[in-house]
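Below is one structure; the comments refer to it alone.
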Amino acid sequence: MYSIAELRKRAEEVREGLRRRYLDPGEVDQLLEVDTRRRALAEEVNGLRARRNTAAHRRPEGGTAPSAEERVEMGALRERIRVVETQLEAIDAELRTRLLLLPQAPHASVPPGRTGADAVELYRHVPTRTTPTQAKPHFEIGHALNLLDEERGVKVTGEGFYFLWGDLARLEHALIRFMRRLHHSRGYIEVAPPILINSESMLGTGQLPKFAEDSYQVKLDELWLAPTAEVPVTNLFRDEVFLPEDLPYRLMAYTPCFRREAGGHGVETRGIARVHQFDKVELVNFTLPEHSYEQLEVLREDAEAVLKGLDLPYRVINLAAGDLPPKAAKCYDLELWAPGSNRWLEVSSVSNFEAYQATRANIRYRKVQSERPEPVHTLNGSGTALARLLVAILENYQTEDDRVEIPAVLREEMGGAKHLEPNPLVGERELARGRHPKRGRDAQAAASASG
RNA sequence: GCUGAGGUAGCCUAGCCCGGUAAGGCGCCAGCCUUGAAAGCUGGUGGCGGCGACGCCACGGGAGUUCAAAUCUCCCCCUCAGCGCCA
């Protein structure tokens with residue numbers, strides 16, 4: 001977000017930013033007009049209060065009590081002040097809300113365009129391995145091996161929740177350890193943050209006020225379930241001042257993430273590509289404004305290192321101005337190719353928010369001790385999101401004989417195993433459906449022998 | 001959850017009972033002094049508006065009483081201590 005002072009200085013730049021986002025640049029002028037009215041009203045309150053103060057202060061300690069006439073006059077002044085103050089509060093609130101909702105101007109290197117289709121592909125990684133020509137969707141493989149269980153997730157919690165069983169649960173933990181180890185070696189300091197968040201923090205990173213319906217709320221305690229570790233980790237330094245020589249701060253956090261994904265149903269929600277709870281390793285970067293675009297590239301490379309390490313097919317896209325989240329000035333998405341689902345899956349979003357979050361959350365640095373602190377730039381990137389990573393592994397690492405290979409970098413973590421083992425525990429119901437892995441294989445073998 | 005003590009400028013503290021322009025220290029910045037530094041001395045050091053003179057705001061947050069609120073009343077938040085509960 002822009003402070004009103006910043007907006008006055010950079011009005012044309014912000015107007016152009018709105019145009020590039022296909023939004024009405026007139027919002028800037030309306031904001032400036034509200035600001036002018038606010039200042040006029042503030043001056044009026046100012047003058048009235050000055051009158052009250054001089055009258056009150058004129059009376060020295062132990063002085064005479066005011067006359068009845070003066071009491072009446074001052075009482076009337078007090079009421080007048082209250083009326084104008086109420087008007088000022090209303091216009092203050094309007095100004096604040098409009099500033100909170102004003103998007104960040106896209107950076108010059110952001111491509112033009114309105115939708116996801118206008119994004120520019122920057123890079124495509126082709127893995128060294130090959131996958132079956134007729135790759136199956138991850139949920140088919142997951143069900144066949146009895147490792148993925150959405151049905152009971154729905155029973156225990158609701159739509160969009162799932163259980164991972166056995167080797168798939170172990171694989172998820174192996175991935176988390178792999179990613180944390182990788183980022184640690186690249187210089188990130190790990191933090192383990194709270195995942196219940198207060199509203200002020202949600203406002204600080206931009207989840208509020210506009211995107212309240214995207215997150216789960218714990219009403220009784222006025223808390224929110226973090227939709228991403230970006231929220232607690234960025235707010236870690238809310239209302240604080242950095243020493244410039246310490247920057248950049250590069251932090252990593254592994255947390256579960258919770259998203260309501262309201263309205264997101266249909267074909268694309270089969271399996272676990274789009275769920276309400278997933279784990280993620282998040283990278284957060286606090287930097288000097290003059291270095292934030294270098295840091296964006298560093299962050300992108302750090303996120304890519306995960307996908308390269310796993311040797312998964314992916315591409316990097318530079319989001320078009322009109323498709324950019326309001327808080328971002330520039331955003332790269334890393335998308336994995338899922339051959340079984342025949343689509344690209346976003347597993348990482350790497351963004352430079354410039355001073356958008358730092359202004360809201362009051363995160364600053366002070367270059368010279370005698371000068372007032374300035375907002376830092378904040379950036380973050382997923383490094384990376386689970387669930388979708390599992391989707392990609394299940395679909396890319398499946399073999400012709402319907403097994404799933406374990407990526408080389410995870411094998412040590414998986415006790416040296418080369419393939420995922422089916423979950424042997426099945427209930428009566430699964431047996432009745434012929435889903436027992438052993439029976440399933442026998443049945444398949446029998447079918448192919450007879451056919 | 002109960003009881004008690006607290007929340008004042010970047011930090012530490014006085015003022016609160018008994019209403020009357022928020023005092024002092026540390027730190028920091030600048031100047032003087034000095035070969036340089038330290039010490040010492042002087043000044044400055046929250047936010048908003050204004051070219052400026054200056055004015056307003058700010059004592060955890062909100063509401064109220066009053067000519068006038070850091071100070072009185074009510075509600076709420078947070079911290080600490082003791083007790084209770086608890087993985």
Side-chain angles (χ1 to χ4, degrees), chain A residues 1-11 31-100 192-204 208-209 217-224 232 235-247 256 286 355 358-376:
Chain A
M1 105 185 238
Y2 299 92
S3 68
I4 188 64
E6 197 72 6
L7 186 68
R8 277 185 225 131
K9 266 187 267 172
R10 301 167 59 186
L31 250 159
L32 293 175
E33 197 267 327
V34 172
D35 177 45
T36 306
R37 279 193 288 135
R38 196 201 69 87
R39 277 192 279 175
L41 209 50
E43 274 310 302
E44 190 180 345
V45 174
N46 204 324
L48 291 170
R49 287 204 278 227
R51 272 173 61 194
R52 180 185 61 188
N53 287 347
T54 37
H57 296 157
R58 200 187 298 136
R59 202 172 309 286
E61 194 169 355
T64 54
S67 67
E69 197 177 279
E70 194 177 348
R71 278 166 203 260
V72 171
E73 193 186 318
M74 295 305 289
L77 180 61
R78 183 173 63 216
E79 291 317 308
R80 173 88 185 114
I81 289 172
R82 272 181 199 179
V83 170
V84 187
E85 271 176 347
T86 305
Q87 293 170 14
L88 181 62
E89 273 162 32
I91 203 163
D92 259 339
E94 186 190 344
L95 187 69
R96 183 171 158 70
T97 304
R98 294 183 99 124
L99 284 172
L100 282 169
I195 43 180
L196 280 174
I197 309 291
N198 63 31
S199 295
E200 212 176 330
S201 295
M202 292 287 279
L203 196 78
L208 294 179
Q217 189 172 16
V218 182
K219 279 235 160 107
L220 205 55
D221 293 290
E222 294 178 57
L223 295 171
W224 302 78
N235 280 282
L236 179 57
F237 298 105
R238 180 148 50 81
D239 295 320
E240 295 199 27
V241 178
F242 288 108
L243 294 175
E245 58 265 38
D246 287 350
L247 296 172
F286 302 85
T359 301
R360 294 171 165 246
N362 195 29
I363 306 169
R364 299 173 298 171
Y365 73 101
R366 199 196 302 266
K367 263 221 163 120
V368 181
Q369 184 71 41
S370 57
E371 283 174 14
R372 46 182 301 193
E374 294 289 328
V376 296

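The sequence lines fix the lettering, A, B, ..., with proteins before strands; numbering per chain opens at 1.
- Contacts of A:A50 with the nucleic acid, taken as non-hydrogen atoms under 4.0 Å apart, involve only primed sugar atoms and P, OP1 or OP2.
- Comparing B:C57 with B:A69, their P atoms are spaced 9 Å from each other, to the whole Å.
- Rounded to the nearest Å, the gap between the P atom of B:G10 and that of B:C72 is 25 Å.
- Every residue two or more places apart in sequence or in another chain was checked for a side-chain hydrogen bond (donor to acceptor under 3.5 Å, both in side chains) with A:E240, and none qualifies.
- Side-chain N/O atoms of A:N53 include none lying less than 4.0 angstrom from OP1 or OP2 on B:U21.
- Under a 3.5 Å cut-off, the side chain of A:S201 and the backbone N or O of A:I197 do not form any donor-acceptor pair.
- Between the C1' atom of B:G10 and the CG atom of A:N362 lies a distance of 13 Å, rounded to the nearest Å.
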Original post:
What would the secondary structure line of RNA chain B be in dot-bracket form, counting Watson-Crick and G-U wobble pairs under 3.5 Å, with [ ] for pairs that cross earlier ones and | for pairs with another strand?
Top reply: ((((((((.[[[..)....(...]]]((((((.......))))))((((....))))..[[[[[..)....]]]]])))))))....

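- Straight-line distance from the CG atom of A:D221 to the P atom of B:C77: 11 Å, rounded to whole Å.
- Partners of A:E73 according to the side-chain hydrogen bond (donor to acceptor under 3.5 Å, both in side chains) rule, which considers only residues two or more places apart in sequence or in another chain, do not exist here.
- Look at the P atom in both B:G7 and B:G61: the space between them is 13 Å, to the nearest Å.
- For the C1' atom pair drawn from B:C16 and B:G60, the interatomic distance equals 16 Å after rounding to whole Å.
- Distance noted for atom P between B:C32 and B:A70: 40 Å (whole Å).
- Across the protein-nucleic acid pair, A:E44 atom CD and B:C57 atom P stand 15 Å apart, rounded to whole Å.
- Take A:S199 and apply the side-chain hydrogen bond (donor to acceptor under 3.5 Å, both in side chains) test, not counting sequence neighbours, and it matches A:W224.
- Taking atom CG of A:D239 as the reference point, atom C1' of B:G7 lies 16 Å away to the nearest angstrom.
- A sub-4.0 Å separation between OP1 or OP2 of B:C48 and a side-chain N or O of A:R39 is absent.
- We find the CZ-CD1 distance between A:R52 and A:I81 to be 4.5 Å, quoted to the nearest 0.5 Å.
- As a whole-Å value, the separation of A:N46 CG from B:A58 P is 12 Å.
- Between A:F237 and A:F242, the ring planes are tilted. Angles from 30° to 60° get that label.
- A distance of about 15 Å separates the P atoms of B:C48 and B:A58, rounded to the whole Å.
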For nucleotides 64-66 of chain B, give me every protein contact, N/O to N/O, under 3.5 Å, one pair per line with atom names.
{"from": "B:U65", "atom 1": "OP2", "to": "A:R82", "atom 2": "NH1", "distance (Å)": "3.3"}
{"from": "B:U65", "atom 1": "OP2", "to": "A:R82", "atom 2": "NH2", "distance (Å)": "3.4"}

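- Counting any heavy atom pair closer than 4.0 Å across all strands shown, A:R364 reaches no nucleic acid atom.
- OP1 or OP2 of B:G49 has at least one side-chain nitrogen or oxygen of A:R8 nearer than 4.0 Å.
- A:E33 pairs by the side-chain hydrogen bond (donor to acceptor under 3.5 Å, both in side chains) definition with A:R37, not counting sequence neighbours.
- Counted by atom type alone, A:R360 and A:N362 present zero donor-acceptor pairs between their side chains at under 3.5 Å.
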Original post:
Which is it for A:E200 and A:R238 under the salt bridge (Lys or Arg N to Asp or Glu O under 4.0 Å) test, yes or no, and what are the steps along the way?
Top reply: CA-CA 10 Å; A:E200 212 176 330; A:R238 180 148 50 81; 3.2 Å; yes

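- Rounded to a whole angstrom, the distance from the C1' atom of B:U65 to that of B:C75 is 15 Å.
- When distances are taken from the side chain of A:M74 to each of B:C48, B:C67, B:C57, the shortest belongs to B:C67.
- Between B:C12 and B:C18, the two C1' atoms lie 27 Å apart (nearest whole Å).
- Regarding A:E89, its CD atom lies at a distance of 19 Å from the P atom of B:C48, rounded to whole Å.
- Of the residues A:R80, A:R49, A:R38, A:R51, the one that meets the salt bridge (charged side-chain N to carboxylate O under 4.0 Å, His left out) test with A:E44 is A:R80.
- For A:D35 and A:R39, the salt-bridge test passes: some basic side-chain N is under 4.0 Å from an acidic carboxylate O.
- Look at CG on A:L41: it is 19 Å from P on B:C48, rounded to the nearest Å.
- Protein atom CZ of A:R38 is 14 Å distant from nucleotide atom P of B:C57, rounded to whole Å.
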